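All values derive from a computational prediction rather than experimental measurement. These numbers come from the heavy atoms of this one structure, side chains and all, not from hydrogens, waters or symmetry mates.
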Amino acid sequence: MPGDRTSNRSSFGELRAGHLGLRIATTPDEIDAVQALRYRVFYDEMGAEPDAAAVLSRRDCDAYDAVADHLIVVDHDVSDGPDGVVGTYRMVQREGAAIVGRFYSAAEYDIAPLLSFPGRILELGRSCVDVRYRGRAVMQLLWRGIAAYIFANEVDLMFGCASLNGTDPDAIAAELTFLQHNHLAPPALRPRAVPSRYVDMRRLPPEQIDARRVLTTLPPLVKGYLRLGGMVGDGAVIDDQFNTIDVAIVVKTDLVTGKYIDHYKRTT
């Protein structure tokens with residue numbers, strides 16, 4: 001479990017926002033609650049295709065769960081323990097990926113430029129929030145948790161695959177074109193979709209894009225990355241199992257940690 005691997009990790013105490021708290025999961029029961037929440041959101045709600053094991057267990061799990069740190073949002077009005085888990089984010093550092101053999105994103109993208117980055121890198125993924133809690137409070141708490149985590153662990157660069165619903169690129173042609181035209185990562189930090197799965201994001205002439213409209217239709221998570229200076233890789237990837245189109249996201253963490261430090265100074 002995460003506690004077995006992360007004894008050399010820097011952690012932080014619980015962050016609170018009223019009855020909601022955010023911390024790193026530390027027990028098998030909390031990890032089980034995370035996997036159950038992910039199943040409800042990804043499979044029951046968003047239409048992902050479970051394999052036979054997932055159907056039987058009603059859990060979304062893979063090899064990365066055992067080498068990751070899991071941020072959890074807990075509603076203390078419901079329970080202080082696993083029954084209160086209403087949101088999660090999975091964090092995989094370089095050492096954890098080495099145990100599995102690669103980062104999760106490497107199945108979709110050539111991430112060699114990120115692996116060559118000299119500082120500490122962090123892959124984020126498997127983010128989800130219970131449908132009853134989707135709103136500003138939980139998302140702000142998750143972002144605070146990410147900032148606290150990268151601050152505590154001196155992470156210099158974070159990345160991952162962000163998902164847009166559906167598997168038809170032309171249905172989100174404006175969104176993909178906007179991201180490619182306005183937020184493409186520089187070559188030194190630019191993942192590229194693997195050739196067999198590459199989907200060109202330049203689907204419309206840039207002058208046809210209504211940026212204001214696109215910013216209302218992008219998923220909140222993607223917009224959150226962009227507000228922090230997030231950049232995208234070259235090419236999108238269709239994930240038929242999860243009924244999504246993925247884009248690679250790269251964020252240098254100096255702005256994130258700066259905001260966290262400002263918040264910390266205001267509250268101490």
Side-chain angles (χ1 to χ4, degrees), residues 42-43 46-51 54 60-65 67-68 90-119 121-127 156-209 214 217-219 221-222 225-226 229-252:
F42 297 148
Y43 295 93
M46 298 179 64
E49 293 289 336
D51 60 21
D60 170 65
C61 55
D62 62 23
Y64 293 91
D65 285 338
V67 301
R90 186 167 76 181
M91 330 288 274
V92 178
Q93 295 198 43
R94 202 188 291 263
E95 297 87 347
I99 295 172
V100 177
R102 65 179 184 180
F103 280 104
Y104 180 90
S105 302
E108 298 187 354
Y109 285 87
D110 176 359
I111 60 171
L114 306 181
L115 297 177
S116 299
F117 187 79
I121 63 175
L122 171 70
E123 182 183 54
L124 291 80
R126 284 301 203 272
S127 170
D156 301 294
L157 186 76
M158 62 184 189
F159 67 97
C161 292
S163 299
L164 292 82
N165 289 340
T167 57
D168 179 6
D170 290 328
I172 54 170
E175 289 82 355
L176 293 176
T177 303
F178 171 83
L179 290 172
Q180 175 90 7
H181 184 69
N182 294 284
H183 297 282
L184 187 64
L189 292 175
R190 187 185 303 167
R192 192 177 197 277
V194 297
S196 62
R197 305 184 70 179
Y198 184 95
V199 174
D200 196 338
M201 295 170 64
R202 295 161 293 190
R203 311 194 74 79
L204 294 171
E207 61 272 15
Q208 292 184 12
I209 304 302
V214 167
T217 58
L218 282 173
L221 192 60
V222 175
Y225 285 131
L226 297 182
M231 303 166 285
V232 300
D234 179 11
V237 171
I238 295 173
D239 188 334
D240 288 311
Q241 180 188 1
F242 280 89
N243 191 35
T244 61
I245 294 175
D246 295 342
V247 294
I249 298 285
V250 181
V251 182
K252 296 187 74 174

Q) Is any side-chain heavy atom of Val222 closer than 4.5 Å to a side-chain heavy atom of Leu179? A) yes
Q) Roughly how far, to the nearest 0.5 Å, is the CZ atom of Phe103 from the CD atom of Gln93? A) 8.5 Å
**Q.** Heavy-atom side-chain contact between Leu124 and Met91 under 4.5 Å
**A.** yes
**Q.** Side-chain heavy atoms of Phe159 within contact of Pro191, under 4.5 Å
**A.** no
(Q) How close do Val199 and Pro169 get, counting heavy atoms only, and between which atoms? (A) CG1-CG, 3.8 Å
Q. Would a distance-only check, ignoring hydrogens and angles, find a side-chain to backbone donor-acceptor pair under 3.5 Å from Glu123 to Ser105?
A. yes
Q. Are the side chains of Leu226 and Asn182 in touch, meaning some heavy atoms are under 4.5 Å apart?
A. no
Q | Atom pair CD/NE2 of Glu207 and His181 - distance to nearest 0.5 Å | A | 8.0 Å
Q) Ile238 and Thr167: which non-hydrogen atoms are nearest, and at how many Å? A) CD1-O, 3.6 Å
**Q.** Nearest heavy-atom neighbours spanning Val92 and Ala68
**A.** CG2-CB, 3.8 Å
Q: Measure the CD1-CD1 distance between Ile111 and Ile121 for me, rounded to the nearest 0.5 Å.
A: 6.5 Å
Q. Any side-chain heavy-atom pair from Asp240 and Glu49 closer than 4.5 angstrom?
A. no
Q.
So that I can tick it off, tell me whether Asp62 and Arg126 are bridged by a salt bridge, with the cut-off set at under 4.0 angstrom between side-chain N and carboxylate O.
A. yes
Q. Are any non-hydrogen side-chain atoms of Ser163 and Asp239 less than 4.5 angstrom apart?
A. no
(Q) Could you check whether any side-chain N or O of Arg192 sits under 3.5 Å from a backbone N or O of Asp234, counting only pairs where one atom can act as donor and the other as acceptor? (A) no
(Q) Tell me if a side-chain donor or acceptor on Thr177 pairs with a main-chain N or O of Met201 at a distance below 3.5 Å. (A) yes
(Q) For Phe242 and Tyr43, take the angle between the two ring planes, folded into 0 to 90°, and tell me which bin it lands in: parallel under 30, tilted 30 to 60, perpendicular over 60. (A) tilted
Q) Sub-3.5 Å donor-acceptor pair from the side chain of Asp51 to the main-chain atoms of Ala54, do we have one? A) yes
Q. Are the side chains of Asn243 and Met46 in touch, meaning some heavy atoms are under 4.5 Å apart?
A. no
Q) Could you go step by step and tell me if Ile249 and Leu221 meet the side-chain contact (heavy atoms from CB on, under 4.5 Å) rule? A) CA-CA 11 Å; Ile249 298 285; Leu221 192 60; over 6 Å; no
Q: Can you measure from CG (Leu176) to CG (Leu164) and round to the nearest 0.5 angstrom?
A: 6.5 Å
Q | Test: Asp60 and Arg90 ion pair at under 4.0 Å | A | no
Q.
Within this structure, what is the CZ-CG distance for the pair Arg94 and Leu114, rounded to the nearest 0.5 Å?
A. 9.0 Å
Q: Might you point out which heavy atoms bring Ile245 and Asp168 nearest each other, and give the distance in Å?
A: CD1-C, 3.6 Å
Q.
Testing the basics here: between Met231 and Pro186, what is the closest heavy-atom pair and its distance to 0.1 Å?
A. SD-CD, 3.4 Å
Q) Gly235 and Tyr109: which non-hydrogen atoms are nearest, and at how many Å? A) O-OH, 2.7 Å
Q. Can you find a heavy atom in the side chain of Phe117 that is under 4.5 Å from one in the side chain of Val250?
A. no
